[in-house]
Peer 1: 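Mind having a look at this structure? Questions to follow.
Below, all heavy atoms of this structure are taken into account, side chains as well, without hydrogens, waters or symmetry copies. What you are looking at is a predicted structure, and each value in this text was computed from that prediction instead of being measured. Chain identifiers are assigned alphabetically (A, B, ...) following the order of the sequence lines, protein sequences preceding nucleic acid strands; residue numbering begins at 1 within each chain.
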Number of protein chains: 2
Amino acid sequence: MRASVSPDIFPPRGHEAKRLSIVDAAAGVFCREGFAGANIDLIAAEAGVSRQTVYNHHGDKEKLFMAVVRDLTDRCNVGIFATIATFPDQPGDLEADLIGFAVRLNQNCICNRDGKFLRKLIQTEGERYPELFAEWREQGPGTTWPAIAARFARLAYGGYLTIDDPDVAARQFLGLVNAELQTTFMLGGTPREDEVVQSATNGVRTFLRAFGKSPALGSVKKHTALANA
Amino acid sequence: MRASVSPDIFPPRGHEAKRLSIVDAAAGVFCREGFAGANIDLIAAEAGVSRQTVYNHHGDKEKLFMAVVRDLTDRCNVGIFATIATFPDQPGDLEADLIGFAVRLNQNCICNRDGKFLRKLIQTEGERYPELFAEWREQGPGTTWPAIAARFARLAYGGYLTIDDPDVAARQFLGLVNAELQTTFMLGGTPREDEVVQSATNGVRTFLRAFGKSPALGSVKKHTALANA
DNA sequence: ACAAATTTAGACACTCTTGTCCAAATCGTC
DNA sequence: GACGATTTGGACAAGAGTGTCTAAATTTGT
């Protein structure tokens, strides 16, 4: 993909910068207006670029759209894996550590600009580009969910949790910590930080009531009046 | 809103039928193509009606869109409340009854045509019509979630569950039983029935591990080796 | 069968958008 | 300072879609 000329110097300088600002602006406009409603003139204006430059770089509205989705998928994946790397493998306070992880996942991967945009584009145009979004499904949930599941499996193996099926547990973990944000997500809004923390806290507590190995290790305190050895 | 003439006979006969078939076709097209991409000619064709009739009935693309959302909201609410009425207040087998309820909720309210369409329209155009979707939020989640929460509160009061906050529990219940369907929902797909049952089963099991009062009553069997009185 | 209301089909003006072309201005590099 | 590549702005053709209008056909109730 490099420039094919003599030395390995890339095409000029601001070239790539423009490409990026175009894709960036396009992401915003496609999300706000939908594919059909998105206006190339508007994208160009928001990117601070002439319309012709948009066509020079991407050729075509459809190709531009694809570039946007690919870019977003890549950037989101980077963020998600960086966050998964902070999963508490050997937790001190399991409850607090899982809450922290859930909040980071939300703030860095789901509620940030890229995450919001990618989600909306998938919801909005997913049916129109089956191949493109099949690709996303593989690269996105297809790789990140197992990665999270593996971390939960490790916690179970380490004796911190009692889990049958780590894949199910991972999906339920995500369902729980986002349970109170669904309506906001649906309308395309961004929850406030305290809402994210609240939802994560409630979700993790319930998660640990279901999967926590023993009250002594983790969280389940006031609720289980069930005496145990 | 009645016809203002002599007897209380409504305008002709097929009038209302046409209105409905227009709104119906419009719902489908708006979902597939988005508001901007939706084509009035296409809507008219799919409704089996001339374009002029569409304008006669609804005046305007925007007004037609609003009519679609209102119609869908109403119909979905009817379905949801009908389903909530089947909530197991005095369960025989709590696990099985809750799974049944979750499956009914999914099949009758979330995965059916109206539910799918309404969800997609909210996700797609929610930001463009703040008042309209504020209205939905009040009439939809604003009334159904508390209704579900009340049923869980009743189960707790009846000694079947141990719940702190019924509202949180209700949201988490929904999050859990849908945990495995998220990706499908996101792409606008319809999960197969066995997927719905699977997700509901796993979700309810986890829910009862967290909130079930005692293993004897419900489900938590093999996992809690914790001996109890 | 009659009269009123509704529906239809087609033409129409108008606006908006996409994508192309081109000459002038600008930028980055040597 | 000069050269080559990139960017710019504006004009342009072609197409598509909205909303209106009209006269003819059809349906509906009596």
Side-chain angles (χ1 to χ4, degrees), chain A residues 1-26 28-68 125 128-129, chain B residues 1-26 28-68 125 128-129:
Chain A
M1 299 297 181
R2 302 291 174 82
S4 49
V5 227
S6 33
D8 53 346
I9 298 169
F10 287 31
R13 186 52 72 193
H15 198 71
E16 198 59 18
K18 299 242 179 219
R19 203 199 81 94
L20 208 98
S21 92
I22 292 171
V23 172
D24 246 40
V29 176
F30 278 133
C31 284
R32 274 210 314 280
E33 318 285 350
F35 179 83
N39 183 317
I40 304 265
D41 284 342
L42 183 57
I43 293 174
E46 287 198 13
V49 172
S50 84
R51 175 172 65 245
Q52 187 57 42
T53 302
V54 175
Y55 283 106
N56 286 345
H57 276 268
H58 296 99
D60 187 311
K61 193 180 183 180
E62 195 155 309
K63 291 205 194 74
L64 173 58
F65 180 75
M66 303 228 179
V68 167
E125 313 291 345
R128 198 188 311 280
Y129 300 94
Chain B
M1 298 296 183
R2 303 290 174 83
S4 47
V5 226
S6 33
D8 54 346
I9 298 170
F10 288 29
R13 184 52 70 193
H15 198 71
E16 199 57 21
K18 298 243 178 219
R19 203 200 82 94
L20 207 100
S21 94
I22 292 171
V23 171
D24 244 42
V29 175
F30 278 133
C31 283
R32 277 208 315 277
E33 318 285 350
F35 179 83
N39 183 318
I40 304 265
D41 284 342
L42 183 57
I43 292 175
E46 288 199 12
V49 169
S50 83
R51 175 174 63 247
Q52 187 57 42
T53 302
V54 176
Y55 283 106
N56 285 347
H57 276 270
H58 296 98
D60 185 312
K61 193 179 185 182
E62 194 154 309
K63 291 204 194 74
L64 173 58
F65 180 76
M66 303 228 179
V68 167
E125 313 291 346
R128 197 188 311 280
Y129 301 93

Peer 1: Evaluate the side-chain proximity of A:Asn39 to A:Glu33: yes if any heavy-atom separation is below 4.5 Å, no if none is.
Peer 2: no
Peer 1: Of the non-hydrogen atoms in B:Ile22 and B:Ala47, which two are nearest, and what is the gap between them?
Peer 2: CA-CB, 3.8 Å
Peer 1: So, is A:Lys18 near the phosphate of C:dG28, with a side-chain N or O under 4.0 Å from OP1 or OP2?
Peer 2: no
Peer 1: In whole angstrom, give the distance that lies between atom CD1 of B:Ile22 and atom P of C:dT6.
Peer 2: 13 Å
Peer 1: Can you find a side chain N or O atom of B:His15 that sits less than 4.0 Å from OP1 or OP2 on D:dT27?
Peer 2: no
Peer 1: State the CZ-OG1 distance between B:Arg19 and B:Thr53, to the nearest 0.5 angstrom.
Peer 2: 14.0 Å
Peer 1: Less than 4.5 Å apart, any side-chain heavy atom of A:Met66 and any of A:Lys63?
Peer 2: no
Peer 1: Evaluate the side-chain proximity of B:His58 to B:Ile43: yes if any heavy-atom separation is below 4.5 Å, no if none is.
Peer 2: no
Peer 1: Any non-hydrogen side-chain atom of B:Arg128 less than 4.5 Å from a side-chain atom of A:Arg32?
Peer 2: no
Peer 1: Within the structure, does a side-chain N or O atom of A:Thr53 lie under 4.0 Å from either OP1 or OP2 of D:dT7?
Peer 2: no
Peer 1: For a 4.5 angstrom cut-off between non-hydrogen side-chain atoms, does A:Phe65 reach A:Glu125?
Peer 2: yes
Peer 1: In terms of the angle between their ring planes, are A:Phe35 and A:Phe30 parallel, tilted or perpendicular, with boundaries placed at 30° and 60°?
Peer 2: parallel
Peer 1: With the sugar-phosphate defined as primed atoms, P, OP1 and OP2, and the base as all remaining atoms, what B/S/- string results for nucleotides 13-20 of chain C, 5' to 3', for protein heavy atoms under 4.0 Å?
Peer 2: ----SSBB
Peer 1: Compute the angle between the rotation axes at the two ends of the helix from C:dA1-D:dT30 to C:dC30-D:dG1, each taken over five pairs, rounded to 10 degrees.
Peer 2: 40°
Peer 1: Just the rounded figure in Å: distance from P of D:dT7 to CZ of A:Arg19.
Peer 2: 13 Å
Peer 1: Separation of B:His58 atom NE2 from D:dT20 atom P, in whole Å?
Peer 2: 15 Å
Peer 1: What is the distance, rounded to the nearest whole Å, between atom CD1 of B:Ile43 and atom P of D:dG17?
Peer 2: 12 Å
Peer 1: So, using side chain to side chain donor-acceptor pair (under 3.5 Å) as the criterion, who are the partners of B:Ser21 when residues are at least two apart?
Peer 2: none
Peer 1: In whole Å, I'd like the distance from the NE2 atom of A:His57 to the P atom of D:dA5.
Peer 2: 16 Å
